[in-house]
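Everything quoted here is computed from the prediction, not taken from an experiment.
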Amino acid sequence: MACPKEGEKAKKARASEILKALKALYPGARTELKHENPFQLLVATVLSAQATDKSVNEATPALFARFPDAKALAAATPEEVEPYIRKIGLYRTKARNLVALARRLLEDYGGEVPRDKEALMRLPGVGWKTATVVLGAAFGVPGIAVDTHVARLARRLCLSEARTPEKIAEDLEALFPKDHWVFVHHALVLHGRYVCTARRPRCGACPLAPHCPSRQV
DNA sequence: ATCCCGAGGG
DNA sequence: CCCTCTGGAT
């Protein structure tokens, strides 16, 4: 659906209303970056592709106890890794990819996670979304990581009509104050997961509906 | 556009 | 049972 014509000023005001509604709706959503262990964050983020965050969170403690860093993971075979990530699904492919990732990390960067977005994206299994998450949560580089949830909501709310994650992120970052980016990202993910779902959005139960050009009655 | 090749949920 | 799941590579 096409978004209605709207001036920049009106759009920004609407974004502000949306932010306010999200604050009320998700008071527990993250507001600050976590500064996690770069390697473990990278692995967890790669694992989250086509997987539920819940399954990833349950699997990672044991995985990192056994393979705490790139060196340990690079020395493993995919078969050794599989048992630790079985419950995540697609585990065969993921185990292969994870070991390949660790080996590249070890060969090209001495086992460290590079802080550069282009370098991160050159790693196997790492695309724009994963690179953005890692730069943010591991190194404190601000940026809205646009995943399928965020992309869908940004477009439904007519906060962006762009198609690529990069462009959508640009639009969102222009609409919300930088110190709210972390919250906006997390809140949109939660909302996309539970209310504004891909298939049948629950517009009737959505507090954002008054500000949403795409709402269904 | 399609594959990946599975667990968990509605 | 069918479908989804915080993607990335081809």
query: Closest approach of Ala145(A) and Lys129(A), non-hydrogen atoms and distance?
result: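 Where Ala145(A) meets Lys129(A) most closely, the heavy atoms are CB-O, 4.1 Å.
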query: Just checking, any donor-acceptor pair under 3.5 angstrom between side chains of Ser55(A) and Thr52(A)?
result: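 Result is yes, a qualifying pair exists.
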Got a salt bridge between [X] and [Y], using NZ or NE/NH1/NH2 to carboxylate O under 4.0 Å?
X         : Y         : value
Glu107(A) : Arg104(A) : no
Arg122(A) : Glu118(A) : no
Glu6(A)   : Arg14(A)  : yes

message: Does any part of the side chain of Lys23(A), heavy atoms only, come nearer than 4.5 Å to the side chain of Thr31(A), both counted from C-beta?
response: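 Of all side-chain heavy-atom pairs linking Lys23(A) with Thr31(A), at least one is under 4.5 Å.
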dC5(B) OP1/OP2 closer than 4.0 Å to side-chain N/O of Thr93(A):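 For dC5(B), OP1 or OP2 has a side-chain N or O of Thr93(A) closer than 4.0 Å.
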task: Give a yes/no answer on whether the side chain of Arg92(A) brings an N or O atom under 4.0 Å of OP1 or OP2 in dG6(B).
output: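 For dG6(B), OP1 or OP2 has a side-chain N or O of Arg92(A) closer than 4.0 Å.
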Rounding to the closest angstrom, what is the interatomic distance between [N] and [M] at atom [atom1]?
N      : M      : atom1 : result
dG8(C) : dG8(B) : C1'   : 23 Å
dC3(B) : dC3(C) : P     : 15 Å
dT2(B) : dT6(C) : P     : 22 Å

[X] has an atom [atom1]; how far is it from atom [atom2] of [N], in whole Å?
X        : N      : atom1 : atom2 : value
Ile85(A) : dG6(B) : CD1   : P     : 11 Å
Glu82(A) : dA7(B) : CD    : P     : 12 Å
Leu47(A) : dG6(B) : CG    : P     : 15 Å
Tyr91(A) : dC5(B) : OH    : C1'   : 9 Å
Asn97(A) : dC3(B) : CG    : P     : 18 Å

What is the nucleic acid contact for [X], judged by heavy atoms within less than 4.0 Å: base, sugar-phosphate only, or nothing?
X         : answer
Lys129(A) : base
Thr130(A) : sugar-phosphate
Val133(A) : nothing
Arg96(A)  : sugar-phosphate

field: 5'-most by nearest nucleotide on DNA chain B - Lys54(A) or Ala51(A)
entry: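 Its nucleotide being nearer the 5' end, the pick is Ala51(A).
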- prompt: More 5' along DNA chain C: Val189(A) or Pro124(A), using each one's nearest nucleotide?
  reply: Val189(A)
field: 5' precedence on DNA chain C between Gly127(A) and Ile88(A) (nearest-nucleotide basis)
entry: Ile88(A)
message: Quick check for you: name the first and last nucleotides of DNA chain C, 5' to 3', having an atom under 4.0 Å from a heavy atom of chain A.
response: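 Listed 5' to 3', the contact boundaries are dC3(C) to dA9(C).
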message: One pair to check against disulfide bond (SG atoms under 2.5 Å apart): Cys203(A) and Cys212(A). What are the steps and the verdict?
response: CA-CA 9 Å; Cys203(A) 299; Cys212(A) 180; over 6 Å; no
